[in-house]
Amino acid sequence: MNRRKFLSSGTIGFGAISMIPASIFANNNPVSVYSIGKGFNRISNQINHTSVAFLPQHFLEAHKDLMQILLKKGYNYNSTEVVKLSPNCFAIPLSKKPMIGFNTKELALLIEHKGSCKHYILSEKTTIAFNSLIENFSKSSDSHELDLDVVAFSTPAKVIKKSHGKENKFVYKNTNGNTITLIGSSKRQVAIVN
C-alpha cells in the first residue's frame, strides 16, 4: 500500500470511529465487591454471589425499587446478581463516573427486618469505613487466634439511622446486638462499635 492510500484509509477509519458514541467505549462494567477493599477479600469464603432470580419475593420488590433509583442516579452495577452477606442482608457493589475524578466505589444494601425489606446506599467514604470494619475485625480475630464469625459481626441486621451531610453516618445493629456506627467524610472513615 502506498503512503497516500495509507493516510487516507487511516483518516477515514479515525473519522468513522469518532462518529461512534463515546458511551460505547466507556467502562460500564460493574464494580466487584472484592475491588472495594481488602475486607471483602478476607471474607470471600463466607459470602456468596446469588442470582436476583433466586431472591425471596420481598427482596425482589425492594431490589426492583432500588434498580430504578440506581438507574436515575447513573450508577453502574450488576442487575442480575447480588452478594449474600446473610439471609437478611444482600449487597450490591456500585460504581459511578463523576464529571471530574475517578470512578467511585459504593455499596447498596438490601436489609430485611421484621418482614420489611428496605434499601440503603452507602457513600464511598461510608463504604470504606464498612470495608475497614470487616478487615480490622478479621485481622484482630486472626491475630488472637479466635474463631469469630466476621460476617455475622459486621453485617447489618437492623438499621437505626442513616444521615447525609459533611459526615455521612450509617448506624445499625448486627445479629449479636452490637450497635455499629459507620462514619464517612473527606477527613475520616471510621467504624465505632458499642
Side-chain angles (χ1 to χ4, degrees), residues 23 26-44 46-52 55 59-86 88-113 117-138 150-151 153-172 174 180-192:
S23 61
N27 182 7
N28 289 331
N29 295 330
V31 66
S32 164
V33 74
Y34 303 115
S35 71
I36 290 174
K38 293 179 183 176
F40 287 101
N41 287 323
R42 291 184 68 89
I43 60 170
S44 62
Q46 294 178 277
I47 58 177
N48 300 316
H49 287 76
T50 305
S51 171
V52 170
L55 288 175
F59 275 109
L60 277 174
E61 292 167 10
H63 185 269
K64 183 180 173 185
D65 294 341
L66 176 62
M67 293 302 104
Q68 292 175 1
I69 292 167
L70 296 178
L71 187 62
K72 285 179 187 175
K73 293 188 176 187
Y75 283 104
N76 293 322
Y77 56 91
N78 186 339
S79 61
T80 62
E81 188 177 85
V82 293
V83 178
K84 183 178 181 180
L85 299 177
S86 76
N88 299 330
C89 182
F90 294 87
I92 302 165
L94 309 172
S95 68
K96 191 179 201 181
K97 176 73 174 155
M99 293 283 231
I100 299 172
F102 301 101
N103 284 353
T104 64
K105 292 179 182 175
E106 301 176 35
L107 200 62
L109 298 173
L110 294 171
I111 301 171
E112 178 203 8
H113 180 68
C117 186
K118 294 184 180 178
H119 62 267
Y120 303 89
I121 300 173
L122 302 183
S123 69
E124 183 173 36
K125 302 298 183 189
T126 312
T127 299
I128 291 170
F130 186 53
N131 177 69
S132 294
L133 170 72
I134 295 168
E135 182 179 4
N136 292 334
F137 187 79
S138 177
V150 177
V151 176
F153 176 80
S154 57
T155 301
K158 175 186 176 186
V159 176
I160 298 169
K161 179 180 163 185
K162 183 177 186 310
S163 64
H164 290 287
K166 285 186 177 183
E167 235 181 28
N168 296 320
K169 287 187 179 180
F170 185 68
V171 184
Y172 65 92
N174 63 12
I180 298 174
T181 304
L182 303 176
I183 301 171
S185 70
S186 59
K187 296 182 180 179
R188 66 182 186 147
Q189 297 85 43
V190 296
I192 301 166

Study note, to complete from the structure: Rounded to the nearest 0.5 Å, the NZ atom of K158 sits from the NE2 atom of H113 at a distance of 4.5 Å
Practice item. Please test V52 against V82 for side chain to side chain contact (heavy atoms under 4.5 Å, CB included), starting from the C-alpha separation and ending with a verdict. Key: CA-CA 6 Å; V52 170; V82 293; 4.1 Å; yes
Exercise for review: For N76 and K97, run side chain to side chain contact (heavy atoms under 4.5 Å, CB included): C-alpha distance rounded to whole Å, both residues' side-chain angles, the deciding distance at 0.1 Å, then the answer.
Suggested key: CA-CA 9 Å; N76 293 322; K97 176 73 174 155; 5.6 Å; no
Review point. Taking atom CD1 of I183 and atom NZ of K125, what is their separation to the nearest 0.5 Å?
Key: 14.5 Å
Check your understanding: For T104 and E106, which heavy atoms make the closest approach, and how far apart are they?
Key -> OG1-OE2, 3.1 Å
Point to revise | Rounded distance [0.5 Å steps], SG in C117 versus NE2 in H63 | key: 10.5 Å
Exercise for review: Please name the pair of heavy atoms, one in A191 and one in A129, separated by the smallest distance, quoted to 0.1 Å.
Suggested key: CB-O, 4.1 Å
Revision key, fill the gap. Interatomic distance, CD1@I180 vs CD1@I160, rounded to 0.5 Å, equals 10.0 Å
Review point. Do T127 and K105 come close enough that some side-chain heavy atom pair is under 4.5 Å?
Key: no
Exercise for review: Report the distance from atom CG of L182 to atom NZ of K162, rounding to the nearest 0.5 Å.
Suggested key: 10.5 Å
Review point. Heavy atoms, side chains only, cut-off 4.5 Å: are I92 and Y75 in contact?
Key: no
Review point. What are the two closest non-hydrogen atoms of C89 and P156, and how far apart are they?
Key: CB-O, 3.8 Å
Check your understanding: Quick one: do E167 and R188 make a salt bridge, cutoff under 4.0 Å?
Key -> yes
Review point. Counting heavy atoms not belonging to K169, are there more than 12 under 6.0 Å from its NZ?
Key: no
Review point. Is the backbone of G184 close enough, under 3.5 Å, to the side chain of Q189 for a donor and an acceptor to pair up by distance?
Key: no
Exercise for review: Drop me the distance from K118's NZ to D65's CG, to the nearest 0.5 angstrom.
Suggested key: 12.5 Å
Practice item. Classify the ring geometry between H49 and Y34 as parallel (under 30°), tilted (30 to 60°) or perpendicular (over 60°). Key: tilted
Point to revise | Test item: Y172 side-chain N/O and S154 main-chain N/O as donor-acceptor pair under 3.5 Å | key: yes
Review point. Quick check: does any side chain N or O of N131 sit under 3.5 Å from a backbone N or O of G39, one acting as donor and the other as acceptor?
Key: yes
Exercise for review: Determine yes or no for a side-chain-to-main-chain donor-acceptor pair under 3.5 angstrom, with S138 supplying the side chain and I134 the backbone.
Suggested key: no
Exercise for review: Find out whether V150 and R42 are in side-chain contact, i.e. whether some heavy atom of one side chain is under 4.5 Å from a heavy atom of the other.
Suggested key: no
Review point. Heavy atoms, side chains only, cut-off 4.5 Å: are L109 and F170 in contact?
Key: yes
Revision key, fill the gap. Nearest heavy-atom approach of I36 to P93 is CD1-CB, 4.2 Å
Practice item. Check step by step if side chain to side chain contact (heavy atoms under 4.5 Å, CB included) holds for L66 and I121. Key: CA-CA 9 Å; L66 176 62; I121 300 173; 4.1 Å; yes
Check your understanding: Just by modelled atom types, is the F153 backbone N or O under 3.5 Å from a matching donor or acceptor in the N174 side chain?
Key -> yes
Practice item. Test side chain to side chain contact (heavy atoms under 4.5 Å, CB included) on F59 and T50 and set out the steps. Key: CA-CA 12 Å; F59 275 109; T50 305; over 6 Å; no
Practice item. Could you tell me whether K96 atom NZ has more than 12 heavy atoms of other residues or ligands within 6.0 Å of it? Key: yes
Check your understanding: Is the shortest heavy-atom distance from the side chain of H119 to the side chain of I69 under 4.5 Å?
Key -> yes
Exercise for review: Check whether the side chains of T126 and S123 place a donor and an acceptor atom closer than 3.5 Å, and report yes or no.
Suggested key: yes
Point to revise | Atom of V31, atom of S35 and distance for their closest heavy-atom approach | key: CG2-OG, 2.9 Å
Review point. Taking side chain as C-beta onward, heavy atoms only, is M67 less than 4.5 Å from L70?
Key: yes
